[in-house]
2 protein chains.
Amino acid sequence: MTDPAGPRATPTPPTSTAVARRAGVSRATVSYVLNGQAAGRVGERTQARVRAAAEELGYVPHAAARSLRAGRGSIVLLAAPADTAVAFGPLFARFLAGFQTALHHLGYTGVLHGAPAASPTAAARAWAELRPAAVLTLHGPPLDAPAVELLHRSGTAAVLTHGPSAPPGAHTLLLDQREAGLRAGEHLLARGRRRIGVVRPAEPGLAAFAESRLAGVRAAAATHPDAEVHPLDLALTEESAARLAAAWQERGLDAVFAYNDEYAMLLMRALQDAGHTIGTGAGGRIAVVGADDLLLARLLRPRLTSVRAEITPPERVAAWVAALIRDPAAAPTTHRLGTFHVEARDSG
Amino acid sequence: MTDPAGPRATPTPPTSTAVARRAGVSRATVSYVLNGQAAGRVGERTQARVRAAAEELGYVPHAAARSLRAGRGSIVLLAAPADTAVAFGPLFARFLAGFQTALHHLGYTGVLHGAPAASPTAAARAWAELRPAAVLTLHGPPLDAPAVELLHRSGTAAVLTHGPSAPPGAHTLLLDQREAGLRAGEHLLARGRRRIGVVRPAEPGLAAFAESRLAGVRAAAATHPDAEVHPLDLALTEESAARLAAAWQERGLDAVFAYNDEYAMLLMRALQDAGHTIGTGAGGRIAVVGADDLLLARLLRPRLTSVRAEITPPERVAAWVAALIRDPAAAPTTHRLGTFHVEARDSG
DNA sequence: GGAGTCTGCTTACACGTGTAATCTCGGCCG
DNA sequence: CGGCCGAGATTACACGTGTAAGCAGACTCC
């Protein structure tokens, strides 16, 4: 009498011992065969028997036991330090999928894990419990020094974090946000704009990125004696945008770099509703530049000019990570995660 | 002479044995103290000594060893079956963050893992290696029967999948996509529309959702004898939208449910560019309804009417999962992951 | 004063795996 | 015939943890 709901109550998963028993060999033989170390040690016929037994039982090795024995884990932890949930663009999603596939081919298991706790140290502890081979962050607040040290002390072979500079002992994955600002600034200056607003988003998770981008615009402006840069605080609500638009006149800005396309679209709409004209060309028009090059940003009129990130292929990044794991004592390195350039359209 | 780059080459992470030695007690005592099982077994002073030693050494328990010993894992795997990267909306991101936090409070480690391999079975194998306490999917193609069986055989206590119906032995997390279509259909019919187009997105990862939503609109239309439903194929490009808009006249549709806000915005813009008028009211206007209620969808004119999902709080979902893990032999259950309702604006 | 009880700690085993070291056995050579 | 060798398998140990069972000693009770 079988359970109609399926084999849900299977008492214990099959182990390599079970496979060994079924194939009539010792457990060691099973291990050699299933891990490809059988050449010249185990006969062909025996190998076939072992493989068949494993197949029939539906044997799946126990990753925990394996990494316990091996002394080194095989999971690569993609950490999302704080409430950076907002930063899950399609760009990131696509990268993540490719990254996990690439890691899998290299023998690692890529996994995404957010920060479950309030304190960054507590989050690092949670990650350390998994004894990952590597931990990396791509966005949000970068890992701080205590977190990096805790991870190293718990055996993490490679710690990679983004951001302009990494804490001691950590490698750097550089997606230089300053560059995004720099490109936007250069573009606007080349178009003759001189009084440039730069949106600082209110979302706390974006603060670090925002500051870097602002610094980039400032760097661009430094080359023009008469250029001015003005930070503008904006939240992701229509009210906030309307407020900013209402006070636009008195600021006298002729251009704005709006952090990303979402903020740009919001602000552009608000400016239009307040009676301003957006776009390139002479006159009192306001130039608007976003970032991320969303499809939707091309639907507004005028079409939104946007700073686009050319991301390093995930396979490459995975290869870097694997190399760093293999050489845990390596001096901290820096890898460019991508570059920015302007996709010029009608809005600026 | 210390390494200037930090303690990167720490030979081995501290174990509970090290803590025991430092505190001058046995390893068992350490385990009892650090797991809160010390009440009435270990003296206050000894407990303090143990805790101090653990703190000083930066001891972090080894999750693999722990779950190996315990026989049950503590990780909850949020699986993303195929190339569903596209479905990473802000909605999902926010849910994920809350879900991981909630699981952490319940003693589990929530982790997101995509399908690293081509075949679904291979993906299931990769998940099974981690011996997760639970596996759940929220979007993309639902788990199939072989995958569920493989997971169960490898000891996964609870398997939850979304979609209208789950394979035998799996629980169901129901975010009924038919309901989304139903609500949209009802809304349009109530507004007097009768010839309703329904966008079928070209992205393969969305096919399952799309069919359900279409079925929902059909169900709504079935209550009106003179209502017609027409599937419309649309890819997420401006060209595709333009093509669809150019052929609009001959179809004679007076309304469209565009799968989600992104497709809706794209199509609405294309229809407007082709000279059509969008919005409620009488005349030859076309009603457009999206889904997901994106902020950006309110920036177009007319403002986009959208079907919004009211998602169950992640804490609740985490509690369900925990309960199902505790009772692996439970009969398959169904939990509503959320409901849909229409946010009426100007476009339809 | 011996038997029982309670406190505080330790000893001993198990979880599933990988691999170095060892064993067995038949064949071959000197 | 004894020694050697290689192929093919096994034995034995370690990884870090949780916990049942055991044990020493102080106290209590009749």
Side-chain angles (χ1 to χ4, degrees), chain A residues 11-50 53-54 57-75 107 128-131 133 153-155, chain B residues 11-50 53-54 57-75 107 128-131 133 153-155:
Chain A
T12 52
T15 68
S16 68
T17 307
V19 176
R21 197 164 31 226
R22 181 172 246 262
V25 298
S26 79
R27 208 177 47 68
T29 301
V30 172
S31 178
Y32 285 126
V33 171
L34 263 37
N35 291 310
Q37 312 282 347
R41 323 177 82 140
V42 182
E44 280 300 331
R45 280 192 50 77
T46 311
Q47 289 196 38
R49 264 207 335 276
V50 169
L57 290 174
Y59 171 69
V60 175
H62 193 308
R66 188 191 286 239
S67 71
L68 177 59
R69 161 65 219 201
R72 51 189 189 76
S74 69
I75 90 171
E129 288 191 7
L130 295 176
R131 295 289 191 277
R153 289 181 66 164
S154 71
Chain B
T12 53
T15 68
S16 68
T17 308
V19 175
R21 199 165 27 226
R22 182 172 246 264
V25 298
S26 78
R27 209 176 47 70
T29 302
V30 172
S31 179
Y32 285 126
V33 171
L34 263 36
N35 291 309
Q37 312 282 348
R41 321 175 86 141
V42 182
E44 279 300 334
R45 280 194 49 78
T46 309
Q47 289 198 37
R49 261 202 343 271
V50 169
L57 290 174
Y59 172 69
V60 175
H62 193 309
R66 185 190 290 236
S67 72
L68 176 59
R69 160 66 221 206
R72 55 193 184 74
S74 68
I75 91 171
E129 288 191 5
L130 295 176
R131 294 289 191 280
R153 290 180 66 164
S154 71

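Keep in mind it's a predicted model, so treat the numbers as computed, not measured. Just so we're on the same page: letters track the sequence lines, and every chain starts at 1.
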J.: What heavy-atom pair brings Val25(B) and Val50(B) nearest, and what distance separates the two atoms?
T.: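 That closest heavy-atom pairing would be CG2-CG2, 4.0 Å.
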J.: Compare every heavy atom of Leu34(A) with every heavy atom of Ala54(A), then report the nearest pair and how far apart it is.
T.: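 The answer is CB-CD2, 4.2 Å.
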J.: For dT19(D), does the base pair up with any side-chain atom of Arg69(B) as donor and acceptor (N or O, under 3.5 Å, distance only)?
T.: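 Absent.
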J.: Under the 3.5 Å rule, do the base of dA7(D) and the side chain of Tyr32(A) count as making a donor-acceptor pair?
T.: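 When only heavy-atom distances are counted, Tyr32(A) does not reach the base of dA7(D) through any donor-acceptor pair under 3.5 Å.
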J.: Taking all atoms of both residues into account, what is the closest heavy-atom pair of Ala65(B) and Leu68(A), and its distance?
T.: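 Shortest heavy-atom contact: CB-CD1, 3.9 Å.
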J.: Hey, which sits more toward the 5' end of DNA chain C by its nearest nucleotide, Ser26(B) or Pro61(A)?
T.: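 Looking at the nearest nucleotide for each, Ser26(B) comes out on the 5' side.
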J.: What is the distance from CG of Leu34(B) to C1' of dT19(D), rounded to the nearest Å?
T.: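 Rounded to the whole Å, the gap is 15 Å.
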J.: For Leu57(B) and dG16(D), what is the distance between atoms CG and P respectively, to the nearest whole Å?
T.: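 The answer, rounded to whole Å, is 14 Å.
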J.: Output the rounded distance in Å from NE2 (His62(B)) to P (dG18(D)).
T.: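 Checked: the NE2 to P distance equals 12 Å.
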J.: Is there a donor and acceptor pair closer than 3.5 Å between the side chain of Arg27(A) and the base of dG18(C)?
T.: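 Between dG18(C) and Arg27(A), which were checked side chain against base, a qualifying N/O pair under 3.5 Å is present.
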J.: Let me know the distance between CG of Leu68(A) and P of dT17(C), rounded to the nearest Å.
T.: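 Going from Leu68(A) (CG) to dT17(C) (P), I get 11 Å.
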J.: At under 4.0 Å, does any side-chain N or O of Thr15(B) touch on OP1 or OP2 of dG16(D)?
T.: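 Answer is no, no contact under 4.0 Å.
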J.: Grab the CD-C1' distance between Gln37(A) and dG8(D) for me, whole Å please.
T.: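 So the two atoms are 16 Å apart, to the nearest Å.
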J.: For Gly71(A), report the nucleic acid contact type (base, sugar-phosphate, nothing); a contact means any heavy atom under 4.0 Å.
T.: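 No contact.
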J.: Looking only at the side chain of Thr29(B) (C-beta and beyond, no hydrogens), which of the listed nucleotides dC9(C), dG18(C), dT17(C) gets closest?
T.: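 Nearest listed nucleotide: dC9(C).
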J.: How close do Gly107(B) and Ser74(B) get, counting heavy atoms only, and between which atoms?
T.: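 Shortest heavy-atom separation between Gly107(B) and Ser74(B) comes out as O-CB, 3.9 Å.
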J.: Could you tell me whether Ser16(B) contacts a base, only the sugar-phosphate backbone, or nothing, with contacts defined as non-hydrogen atoms closer than 4.0 Å?
T.: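 Sugar-phosphate, backbone atoms only, no base.
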J.: Return the 5'-most residue of the pair Arg131(B), Gln47(B) with respect to DNA chain C, ranking by each residue's nearest nucleotide.
T.: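 That would be Gln47(B).
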J.: With a non-hydrogen cut-off below 4.0 angstrom, is Arg41(A) in contact with a base, only sugar-phosphate, or nothing?
T.: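 Base, at least one base atom sits under 4.0 Å.
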J.: Using whole Å, what does the distance between atom C1' of nucleotide dC15(D) and atom CZ of Arg66(B) come to?
T.: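 Atom CZ in Arg66(B) sits about 16 Å away from atom C1' in dC15(D).
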J.: Provide, to the nearest angstrom, the distance between the CZ atom belonging to Arg72(A) and the P atom belonging to dG18(C).
T.: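 About 11 Å, once rounded to whole Å.
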J.: Are the side chain of Arg49(A) and the backbone of Ala23(A) linked by a donor-acceptor contact shorter than 3.5 Å?
T.: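 Present.
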J.: Can you tell me which nucleotide in dG16(C), dG16(D), dT10(D) comes closest to the side chain of Ala28(A)?
T.: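 Of the candidates, dT10(D) comes closest.
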J.: Contact class for Thr46(B) vs. all strands (heavy atom < 4.0 Å): base, sugar-phosphate, or nothing?
T.: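 Touches sugar-phosphate only.
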J.: Tell me the interatomic distance from Arg21(B), atom CZ, to dC9(C), atom P, rounded to whole angstroms.
T.: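 Answer to the nearest Å: 19 Å.
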J.: For the pair Arg153(B) (side chain) and Pro14(A) (backbone), establish whether a donor and an acceptor sit closer than 3.5 Å, ignoring hydrogens and angles.
T.: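 No, the answer is negative, given that no donor and acceptor are paired below the 3.5 Å cut-off.
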J.: Have a look at Ala70(B) and say if it touches a base, only the backbone sugar-phosphate, or nothing, with a 4.0 Å heavy-atom cut-off.
T.: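 Result for Ala70(B) = nothing.
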